[in-house]
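All residue numbers refer to positions in the sequence shown, counting from 1. A quick note: this is a predicted structure, and the numbers were derived from the prediction, not measured. Numbering of ligands and ligand atoms starts at 1, following listing order.
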Amino acid sequence: MIDLGVNIDHVATLRQARLTYEPDPVWAAAAAHLGGADAITVHLREDRRHIVDRDVELLRASVQSKLNLEMAATDEMVGIACRLMPEMSTLVPEGRHEVTTEGGLDVAGQEARLKDVVRRMQDAGIYVSLFIDADMKQIEAAARVGAQACEIHTGPYARAFHENGRDIESAAAQAELKKVGAGGTAIIDCGMRFNAGHALNYINVQPIAGLPGLRELHIGHAIVSRAVFVGLTEAVREMKRLIRQDADIK
Ligand code: PXP
């Protein structure tokens with residue numbers, strides 16, 4: 001069974017557009033839970049552009065499934081994580097000028113620093129995942145720094161799929177799908193848990209969900225977008241049916 005982590009950052013984006021109190025990501029977590037979310041994911045960014053500290057504090061107190069805190073590997077964020085104790089932290093690269101996370105973490109380029117961060121969080125009892133590109137060099141480095149899981153960045157797959165007529169048989173989409181699959185196999189061979197996410201939606205998710213050994217998908221923008229029309233609980237329910245391959249909702 002593949003688990004679904006629902007990223008609710010963009011519920012907070014809507015709130016921050018008016019600098020007001022609604023919609024509340026805490027309500028979103030409850031609605032996602034009712035739809036079958038296995039985890040709630042939030043990214044507390046350095047610039048607090050969507051999720052803010054108050055959200056993570058209240059979510060920590062109220063989420064009864066798994067809370068996955070996406071964060072940069074900074075001392076500030078390690079301190080927050082070790083105080084709030086999410087079940088899982090996913091370390092991501094962070095740039096102030098990016099619209100969304102643009103690439104995987106360069107683990108190989110900062111092994112010593114990441115080894116220290118991973119150890120500090122694991123010592124506190126947090127399960128650590130690294131968001132990386134489907135690249136052997138990064139996967140091997142992730143294993144060396146002691147990560148328990150890797151989330152493969154599916155953005156390049158999603159782009160190839162959409163730029164090639166949304167045709168999963170296209171050579172470009174197939175090539176990117178193969179890279180994610182090979183990355184997943186390598187992650188599992190290195191003794192880590194294989195997760196994936198980014199830019200997945202109701203149209204492109206099923207080939208990824210069919211990859212052997214995949215344990216979790218982390219999806220945000222597409223689910224929150226669909227929620228505008230069908231409600232968040234229903235949007236989550238439809239995505240869960242898709243990733244468990246027992247429906248064909250597009
Ligand atoms: N996984 C990671 C590590 C991310 O940074 C994001 C975006 O915040 C997602 C998954 C979800 O991406 P999307 O919103 O495109 O579904």
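Residue H10 has no nitrogen or oxygen atom sitting less than 3.5 Å from a nitrogen or oxygen atom of ligand 1, judged on distance alone. Considering backbone and side-chain atoms alike, G220 places an N or O below 3.5 Å from some N or O of ligand 1. The N/O atoms of H43, backbone and side chain alike, include none that comes under 3.5 Å of an N/O atom in ligand 1.
Inspection of the E70 and H218 side chains reveals no N or O donor paired with an N or O acceptor under 3.5 Å.
Applying side chain to side chain donor-acceptor pair (under 3.5 Å) to T41 and the options T90, N68, N7, D9 leaves one that passes, N68.
Other residues, nucleotides and ligands place no more than 12 heavy atoms under 6.0 Å from the NZ atom of K115.
Aromatic ring pairs are classed by plane angle as parallel below 30°, tilted from 30° to 60° and perpendicular above 60°; the pair H221 and H10 is perpendicular.
Nearest-heavy-atom check against atom 11 (C) of ligand 1 across H153, M71, H218 picks out H218. The closest non-hydrogen atom to atom 15 (O) of ligand 1, taken over A199, G197, A222, comes from A199.
Short contacts between ligand 1 and N7, defined as distances under 4.0 Å to a heavy atom of the residue, involve ligand atoms 8 (O). The H221 neighbourhood of ligand 1 comprises atoms 13 (P), 14 (O), 16 (O), with distances under 4.0 Å to a heavy atom of that residue. Of all the atoms in ligand 1, the ones that sit under 4.0 Å from a non-hydrogen atom of V92 are 3 (C).
Applying the side-chain hydrogen bond (donor to acceptor under 3.5 Å, both in side chains) test to pairs two or more places apart or on separate chains, those with a residue in residues 24-33 are D24-R54.
The shortest side-chain heavy-atom distance between R166 and N204 does not fall under the 4.5 Å cut-off.
Under 4.0 angstrom from ligand 1, the non-hydrogen atoms of E151 all belong to its side chain.
Evaluation of the side chain to side chain contact (heavy atoms under 4.5 Å, CB included) rule for K137 yields A108, D135 as partners, not counting sequence neighbours.
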